[in-house]
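Worksheet: one structure, shown below.
Counting convention: from 1, in listed order, for ligands and their atoms alike. What you see below is based on every heavy atom in this structure, not just the backbone, and it leaves out hydrogens, waters and symmetry mates.
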Amino acid sequence: MGRQGVTLMVRDSGEIMARAPEWRPYMGRSLPTAPYLAPGAPAQGNFKRVAVLDAVPRLYGYRKLPEYQLNFVAALPLDEILAGTARQRQAAITTMTAVSLALVAMGWLILRSVRARDRAELALRDANRELSLAASVFRHTMDAVIVTEIDGTIVSVNPAFTAVTGYTAAEVVGRTPRLLQSGRHEPAFYRAMFEQLERTGHWRGEIWNRRKNGESYLEWISISLVRDELGKPLRYVGVSNDVTELRAGDERMRHLAFHDPLTGLPNRALLLDRMTQGINVAERDGRGLGVMFIDLDRFKSINDTLGHDVGDQLLQQVAQRLSHAVRHSDTVARIGGDEFVILLEQVDDGITYVNLADKLLSSLSRPMVLGAHTLEVGASIGIACYPGDGDSAAILMKHADAAMYVAKAGGRGAYQFYRPGMTAQAVQRTLPPP
Ligand SMILES: Nc1nc2c(ncn2[C@@H]2O[C@H](COP(=O)(O)OP(=O)(O)OP(=O)(O)O)[C@@H](O)[C@H]2O)c(=O)[nH]1
């Protein structure tokens with residue numbers, strides 16, 4: 001490039017990014033008036049000018065690189081060009097062009113590597129951000145998380161795991177989840193779980209486990225098999241929730257829906273359900289089944305004279321006495337006010353009803369101590385039997401009710417088997433007088 005030839009890389013703003021030779025004194029200086037920076041300047045060209053920076057008159061060649069906002073410039077001093085022959089001038093111009101192209105290529109390579117570095121930094125930053133997000137979720141989620149090797153060795157647990165089980169990470173890492181086993185599941189349960197995990201990569205369900213303090217708890221867990229990039233099994237990750245309370249709440253709700261809150265006995269819905277099932281079994285096995293409808297005698301007067309609370313206590317005692325009088329397999333239900341029903345299954349002869357009815361009446365007639373009061377209560381019982389008196393729960397209930405009304409009408413404190421025609425009698429009794 002001769003003694004005073006130069007090459008430059010200049011931003012569109014005019015700032016010098018690179019200069020050869022002697023780049024240091026010129027770095028960061030500006031060439032705002034350069035012709036190639038003028039608006040509308042051609043993409044490449046030549047011009048003659050006295051250099052702003054060192055006052056040397058030169059012939060300039062440039063090429064613009066608009067996508068990078070850069071300009072590549074090469075210049076030779078005019079006196080060197082004019083002093084030479086035509087051949088020398090041509091050689092100088094060729095050299096200038098070659099140098100300027102080399103500069104363009106160099107600048108492009110620099111830019112490309114800068115861009116690649118920026119992209120790599122961005123990707124790394126994204127990956128780090130995702131990692132720290134995952135770590136934060138692991139730390140703060142309310143779900144207990146456990147990560148194990150494929151052989152079951154625990155690699156990591158989160159704080160929620162510690163909150164549920166009572167075990168810190170230091171206490172469980174290196175051990176296996178077997179330390180949580182409650183003993184409530186058969187080995188076949190775990191075998192089936194791992195068989196499905198190996199086959200499908202997932203298992204979810206409920207497991208009874210044991211906390212460090214020995215207490216059993218029910219967890220809902222979802223376990224996934226994690227594979228590496230080549231598809232090789234790498235880890236198991238389990239995410240679980242303690243659902244013991246939830247399940248207890250469900251049980252309470254279910255119990256409320258099918259039981260009488262005052263006595264704890266099955267209510268009408270549960271009684272009818274059991275009766276329907278019982279009838280199916282009785283039909284299949286050719287066995288008998290019976291319904292005893294029990295209504296307390298003059299219970300209203302106890303309420304009216306001693307108050308509703310005493311009436312409640314009496315109903316609770318009646319419930320206990322009825323329950324003690326029957327077999328475990330029989331159902332004692334309270335279906336309303338002072339009305340109780342006993343469902344007797346697998347009864348093949350009428351004497352069973354007679355014996356039980358006597359037993360119930362004598363049991364209820366024994367004095368009941370309710371706080372400061374000692375009371376005696378009687379009851380009337382109607383009995384309807386399957387299959388003779390009806391083949392559905394509704395009909396058996398209706399007929400037992402009718403028989404009970406007949407027992408009441410006969411003077412109370414007695415039992416009565418259903419006979420055809422009793423229903424009409426009972427209806428008449430409940431109708432208002434004409
Ligand atoms: N303490 C209490 N009383 C109830 C409850 N449910 C209904 N009762 C009352 O139970 C009484 C039922 O009376 P009835 O069966 O109609 O009449 P009774 O006095 O028993 O007369 P008979 O059945 O004809 O012998 C009514 O006074 C109801 O208010 C309850 O949960 N607690």
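Any N or O atom pair closer than 3.5 Å counts here, and L296 shares at least one such pair with ligand 1. For the pair H308 and ligand 1, the shortest N or O to N or O distance falls below 3.5 Å. Where the criterion is an N or O separation shorter than 3.5 Å, residue side chain and backbone included, F299 meets it with respect to ligand 1.
Side-chain polar atoms of D349 and T352 form a donor-acceptor pair below 3.5 angstrom. No hydrogens or angles considered: nothing links the side chains of N267 and D260 as a donor-acceptor pair under 3.5 Å.
Neither the backbone nor the side chain of D304 comes within contact range of ligand 1; no heavy atom lies under 4.0 Å. Heavy atoms of N303 found under 4.0 angstrom from ligand 1 belong exclusively to the side chain.
In the vicinity of R334, heavy-atom distances shorter than 4.0 Å reach the ligand 1 atoms 5 (C), 6 (N), 30 (C), 31 (O). Within ligand 1, the atoms closer than 4.0 Å to a non-hydrogen atom of G311 are 1 (N), numbered from 1 in the order shown. Those atoms of ligand 1 that come under 4.0 Å of a heavy atom in R298, given as number and element, are 18 (P), 19 (O), 20 (O), 21 (O), 22 (P), 25 (O).
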- Task: Kindly determine whether D338 and R298 satisfy salt bridge (Lys or Arg N to Asp or Glu O under 4.0 Å), including the steps that lead there.
- Result: CA-CA 10 Å; D338 62 350; R298 302 204 170 83; over 6 Å; no
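For the pair E339 and ligand 1, no heavy-atom separation below 4.0 Å is found. Within the structure, the closest approach of M404 to ligand 1 does not fall below 4.0 Å when heavy atoms are considered.
Note on E171 versus K212: salt bridge recorded, some NZ/NE/NH1/NH2 to OD/OE distance being below 4.0 Å. Residues D304 and K300 are paired through a salt bridge, judged by an N-O separation under 4.0 Å between the basic side chain and the carboxylate. Between R235 and E149 there is a salt bridge, since at least one side-chain N of the basic residue sits less than 4.0 Å from a carboxylate O of the acidic one. By the 4.0 Å N-to-carboxylate-O rule, D295 lies too far from R412 to be salt-bridged with it.
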